[in-house]
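Everything numeric in this text was worked out from a predicted model, so none of it was measured.
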Amino acid sequence: MNLFDLQPDEWQALLLTLKVAAVALAVSLPVAVLVAYLLARTRFPGHGLVNALVHLPLVLPPVVTGYVLLLMFGRKGPVGAFLNDTFGISFAFSWTGAALAAGVMAFPLIVRPIRLSFEAVDPKLEEAAKSLGARRIVAFFTVTLPLALPGILGGAILGFAKAMGEFGATITFVSNIPGETRTLALALYTATQTPSGDLAAFRLTLIAAFVAFAALIASELLARHLRSRLGGADA
């Protein structure tokens, strides 16, 4: 078997991983932008608590996060039962659950650089826009958001890379079902548990490392490009 000859189940795992990571990012990124802006620009009761909850997945064992998701979004959980009975949406043991787990685990990595970008934007620029008649929401979309774009894109790419490599919460929440929840990380785990699976495990490791490295390089290049364009516009 050739080292670079992906088998059908490996292609399936790779494509599923890309789909899971893309959906996780698409759902979590708007929420991350809102949360990051609130944490950066406002002070409200429970600010520290919200900040701690946002970053909790970074310090909790991923298996614990997956178990909490199972308790909440499982078919007998309070949120999962409501969604299943009302809308027919089921997360447990499905690829949508894998996307939910990936989004939760990636969320802190998305929020952090976006928050730093918002904090770096001078509030006086927003005030100047408001003094010219722009509403707060207009000032946000025309002034703050464009200036924070490098951090937003950087956080998005880091979150996408994290979502692609998510393992612990995923296997706890949605198990390891071929063709349904077996992402690249789970396929690698399966290969390591299979006799004569060393070649497949090494091949999947190379693929995962390449994708993660490419995402990190893309994040850096995009951030530099946007910073240079914004700097040129300011000049």
Same apolar cluster (I L V M F W Y, side chains within < 4.5 Å links), [X]/[Y]:
X	Y	answer
I89	M72	yes
I110	F118	yes
L49	V54	no
L149	L109	no
L18	L100	no

Let me know which of L16, T17, I171, V174 forms a side-chain contact (heavy atoms from CB on, under 4.5 Å) with L186. I171
Within the distance-only criterion (no hydrogens, no angle test), does the side chain of E10 pair as donor or acceptor with the backbone N or O of L14 below 3.5 angstrom?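 Side chain of E10 to backbone of L14: no pair is present.
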Under 3.5 Å donor-acceptor, T181 side chain and S175 backbone: yes
So do the side chains of [X] and [Y] get within less than 4.5 Å of each other, counting heavy atoms only?
X	Y	result
P61	V64	yes
W95	K19	yes
R182	Q12	no
E166	T183	no
L158	K162	no

What heavy-atom pair brings [X] and [Y] nearest, and what distance separates the two atoms?
X	Y	result
R75	A92	NH2-O, 4.2 Å
V31	V27	CG2-O, 3.7 Å
T172	G168	OG1-O, 2.8 Å
A36	I114	CB-CG2, 3.6 Å
A24	A163	CB-CB, 4.4 Å

Have a look at F73 and tell me which of F82, F91, Y67 forms a ring pair (Phe, Tyr, Trp, His ring centres under 6.0 Å) with it.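 Testing each of F82, F91, Y67 against F73, the sole residue satisfying ring pair (Phe, Tyr, Trp, His ring centres under 6.0 Å) is F91.
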Any Lys/Arg nitrogen of E126 or R41 sitting under 4.0 Å from an Asp/Glu carboxylate oxygen of the other?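 Here E126 pairs with R41 in a salt bridge, since their nearest N and O are under 4.0 Å apart.
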Between OG1 of T144 and OH of Y37, what distance do you get to the nearest 0.5 Å? 5.0 Å
For the pair M105 and T65, evaluate side chain to side chain contact (heavy atoms under 4.5 Å, CB included) and give the outcome as yes or no after the intermediate values. CA-CA 8 Å; M105 294 301 297; T65 303; 3.8 Å; yes
Relative to each other, are the rings of F167 and Y189 parallel, tilted or perpendicular (30° and 60° limits)? tilted
Within the supplied structure, the quantity of interest is the number of heavy atoms (other residues, nucleotides, ligands) at a distance under 6.0 Å from F44 CZ; does it exceed 12? yes
